[in-house]
Chemist: 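Have a look at this one.
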Amino acid sequence: MEDRISRIIIVGGGSAGWLSAGVIAAEHRLDSQARKPIELLLIESPDVPTIGVGEGTWPSMRTTLQRIGLSETDFIRECDASFKQGTYFRNWNTSSGDTYSHPFTIPIDFAETNLAPHWLALTDAPQFADAVTPQTALFADCLAPKQITTPEYAFVVNYAYHLDAGKFAELLRRHCTEQLGVKHVKANVSQINTAENGDIQSVTTDCAGDIAGDLFIDCTGTRSLLLGEHFKIPFQSQRAYLFNDTALAAQVPYTEEDQPIQSCTLSTAQTAGWIWDIGLPTRRGTGHVYSSDHISVDEATAQLLNYIKEIAGDDAAASVVPREIRFQPGHRREFWHRNCVAIGMSSGFIEPLEASALVMVELAAGMIADQMPPTRAVMHIVAKRYNQKFLRHWNKIIEFLKLHYALSARDDTPYWQDNRATTSIPDRLSEQLLLWHYRSPWHQDAEAVDDLFPTASYQYILYGMGFKTVPRHTRSYQKSQRQASELFRKNAARATKLKQALPGNRELLNKVREFGFQKL
Ligand SMILES: Cc1cc2nc3c(=O)[nH]c(=O)nc-3n(C[C@H](O)[C@H](O)[C@H](O)COP(=O)(O)OP(=O)(O)OC[C@H]3O[C@@H](n4cnc5c(N)ncnc54)[C@H](O)[C@@H]3O)c2cc1C
């Protein structure tokens, strides 16, 4: 096989670069057919810093870390990580203290019973998420999703992580270079060199010469050096749907050493964006994401500092200098072109609501690792599938994020009015919303088995935000009525039991630091 893919070059050493290196190296260190390993080399600029944010993950990160061969205990100890069980939204609907949740656990018996129409028919019902999963009761009390005796990566209730992005990239670098055989070059890529057939043949660096490869992975962040600058694959702005384009990030100390650590991301809507609040063991990561068309940087800073004052006091607010990060919401038109594939910010970024960026990196690296083209001759087939799949994922992200804005009843500022205007809602989402007025989303609404957001997630946002579906009292609805009452009762009982059994988030994290989890 003359055109065998045997050397992969990754350019960029942020979370995207190192996660991709880890997932691919873990799978391809020994190519069983050819008995030759695939060589992986990562080039990282010593001068261009990583973006340094990206602190919320999805539950998929547990599988990814396991696949890479990292111990969960080491990960928690070294990345200042904590457990995340979902997101808690405040003021998104009315600006006057309303709340709803998007937990990671799907509703009880979701495979068999659609509880949404039954919940809609209840009078005096608890919030939708509280009625169908015990998880929201746990994060209301800052509890952990497992116990110290639960083995690594296993759970009592589904969970993901909050982490320190800088420490995470550093742990991945060490693990990839020391355990997985990934070569690491610190140099600036200054030129891309083209082969006769139009592929990338090599990249020229400022201090390590020319580096050749068969497949190039562009993880250079928003610059998109290979796919964007070299191949000129157009960027598709999604600003017509989602307006946020600036973030102000700040780290905030806890007021007391043993202050409880939130086990969900807090998302508090503002007049032209929203503030995230993420609890790590040693600090809180906060930030204001907003639309620069709707508010000035001074106003956005004032709102963030006010928030910090509320959670950490005047001194904390006075000492914080938020870091401004600007981004264009959107993605490349295609992601894999010739022998180059972009992963992470170089492929696109919308905004951090629902923390969907790192999961896209995991999916991208996973697909490349699983469907690695053995030769250049078949690469275009994998590339075509990859482009179709990831375009679908991006569209789903846009629709799902927009759901939070489109359903809001807020009209207190032009930002919310513009966000609710029908012209800013993607057509497919508008269609679905129309349909969901007559029946709640369930399994029929899933487009593919690997849909990024399960239909359970749509239910959590729709009914959390007060969307009304007119219940149709069909045969199957009537048949499942008794079952539904029993499930609501069971869920409430499980919530009570788990609240007694599970430790606090901080308590468990302290124990992990001291004793570690059982290894699987
Ligand atoms: C405000 C904000 C909040 C976010 N929150 C979340 C979140 O909660 N959850 C989530 O999943 N994601 C989040 N993200 C996204 C997340 O931060 C990124 O997806 C993730 O960090 C991956 O970034 P990256 O590795 O693609 O890019 P970067 O971190 O920017 O890394 C780029 C790399 O390329 C290298 N490089 C650049 N030019 C060259 C060159 N010429 N030669 C060699 N190397 C070069 C740099 O040195 C660097 O190593 C957030 C993003 C923003 C903006």
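Each ligand, and each atom within it, is numbered from 1 in the order the structure gives. Just the heavy atoms: all of them, side chains too, but no hydrogens, waters or symmetry mates, feed the values below. Here the structure is a predicted model, which is why all the values come from computation and not from measurement.
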Chemist: Going by distance alone, is a donor N or O of one side chain under 3.5 Å from an acceptor N or O of the other, for Thr73 and Glu152?
Modeler: yes
Chemist: What's the separation between atom NE2 in His175 and atom CD in Glu170, rounded to the nearest 0.5 Å?
Modeler: 13.5 Å
Chemist: Examine Trp58 together with Tyr161 and report whether their ring centres are nearer than 6.0 Å.
Modeler: no
Chemist: Decide whether an N or O pair under 3.5 Å exists between Val53 and ligand 1.
Modeler: yes
Chemist: Under a 4.0 Å heavy-atom limit, does Ala187 contact ligand 1 with its side chain, its backbone, both, or neither?
Modeler: backbone
Chemist: Counting only nitrogen or oxygen atoms and a 3.5 angstrom limit, does Gly17 reach ligand 1?
Modeler: no
Chemist: Against the six-membered ring of Phe155, is Arg62 placed for a cation-pi contact (under 6.0 Å from the centre, within 45° of the normal)?
Modeler: no
Chemist: Give me the nearest non-hydrogen protein atom to atom 13 (C) of ligand 1 as residue plus atom name, then the distance to 0.1 Å.
Modeler: Gly54 CA, 3.4 Å
Chemist: First locate atom OH of Tyr88, then atom OG of Ser101, and finally report the distance between them rounded to the nearest 0.5 Å.
Modeler: 6.0 Å
Chemist: For ligand 1, find out whether one of its N or O atoms is nearer than 3.5 Å to an N or O atom of Val189.
Modeler: yes
Chemist: Do you see a donor-acceptor pair shorter than 3.5 Å between the side chains of Asp210 and Thr204?
Modeler: yes
Chemist: Give the residue and atom name of whichever protein heavy atom lies nearest to atom 28 (P) of ligand 1, and the separation in Å to one decimal.
Modeler: Ile51 N, 3.6 Å
Chemist: What atoms of ligand 1 come closer than 4.0 angstrom to any heavy atom of Glu55?
Modeler: 7 (C), 8 (O)
Chemist: Could you verify whether a donor N or O on one side chain and an acceptor N or O on the other, from Asn188 and Asp47, lie under 3.5 Å apart?
Modeler: yes
Chemist: Which atoms of ligand 1 are found less than 4.0 Å from any heavy atom of Gly56?
Modeler: 7 (C), 8 (O), 9 (N), 10 (C), 11 (O)
Chemist: How far does CH2 of Trp18 sit from OG1 of Thr177, to the nearest 0.5 angstrom?
Modeler: 5.5 Å
Chemist: If I apply the N/O under 3.5 Å rule, does Val48 come out as touching ligand 1?
Modeler: yes
Chemist: Looking only at non-hydrogen atoms, find the nearest pair between Thr455 and Ala446 and report the distance.
Modeler: CG2-N, 3.8 Å
Chemist: Examine ligand 1 and decide if any of its atoms is less than 4.0 Å from a heavy atom belonging to Trp58.
Modeler: no
Chemist: Below 4.0 Å from ligand 1: does a non-hydrogen atom of Gly287 turn up there or not?
Modeler: no
Chemist: For a quick check under 3.5 Å, do Asp214 and Ser6 share a side-chain donor-acceptor pair by atom type?
Modeler: yes
Chemist: Kindly confirm or rule out an N or O of Val361 lying under 3.5 angstrom from an N or O of ligand 1.
Modeler: no
Chemist: Would you say Pro46 contacts ligand 1, with heavy atoms under 4.0 Å as the rule?
Modeler: no
Chemist: At the 4.0 Å heavy-atom cut-off, does Cys219 count as touching ligand 1?
Modeler: yes
Chemist: At what distance is the nearest protein heavy atom to atom 12 (N) of ligand 1, and which residue and atom is it?
Modeler: Ala357 CB, 3.3 Å
Chemist: Cut-off 3.5 Å, side chains only: do Ser202 and Asn193 have a donor facing an acceptor?
Modeler: yes
Chemist: Does an N or O from Ser45, backbone or side chain, lie closer than 3.5 Å to an N or O of ligand 1?
Modeler: yes
Chemist: Would you check the N or O atoms of Gly344, main chain and side chain alike, for any that come under 3.5 Å of an N or O of ligand 1?
Modeler: no
Chemist: Which ligand 1 atoms does Ser15 reach within 4.0 Å, using its non-hydrogen atoms?
Modeler: 21 (O), 25 (O)
Chemist: At under 4.0 Å between heavy atoms, is it the side chain or the backbone of Leu225 that contacts ligand 1, or both, or neither?
Modeler: side chain
Chemist: Got an N/O contact under 3.5 Å between Met345 and ligand 1?
Modeler: yes
Chemist: Classify the ring geometry between Trp92 and Tyr405 as parallel (under 30°), tilted (30 to 60°) or perpendicular (over 60°).
Modeler: perpendicular
Chemist: In terms of side-chain heavy atoms, does Ser45 have a donor or acceptor partner in Lys186 at a distance below 3.5 Å?
Modeler: no
Chemist: To which protein heavy atom is atom 27 (O) of ligand 1 closest, and what is the distance rounded to 0.1 Å?
Modeler: Gly221 CA, 3.6 Å
Chemist: Please could you name the atoms of ligand 1 that Asn188 approaches to less than 4.0 Å, counting only its heavy atoms?
Modeler: 42 (N)
Chemist: Determine whether the aromatic ring centres of His102 and Phe400 lie less than 6.0 Å apart.
Modeler: yes
Chemist: Distance under 4.0 Å to a non-hydrogen atom of Ala247: what atoms of ligand 1 satisfy this?
Modeler: 1 (C)
Chemist: Decide whether the shortest distance between a heavy atom of Trp18 and an atom of ligand 1 is less than 4.0 Å.
Modeler: no
Chemist: Any side-chain donor paired with an acceptor under 3.5 Å for Lys84 and Tyr159?
Modeler: no
Chemist: Is it the case that ligand 1 has an N or O less than 3.5 angstrom from some N or O of Val359?
Modeler: no
Chemist: Which atoms of ligand 1 sit under 4.0 Å from any heavy atom of Ala16?
Modeler: 22 (C), 24 (P), 25 (O), 26 (O)
Chemist: Using a distance-only test with no angle check, is there a side-chain donor-acceptor pair under 3.5 angstrom linking Tyr241 and Asn419?
Modeler: no
Chemist: When you compare ligand 1 with Gly52, is there at least one nitrogen or oxygen pair between them that comes in under 3.5 angstrom?
Modeler: no
Chemist: What are the atoms of ligand 1, with element, lying closer than 4.0 Å to any heavy atom of Phe349?
Modeler: 14 (N), 15 (C), 50 (C), 51 (C), 52 (C), 53 (C)
Chemist: Looking at Gly13, which atoms of ligand 1 are within less than 4.0 Å of one of its heavy atoms?
Modeler: 33 (C), 48 (C), 49 (O)
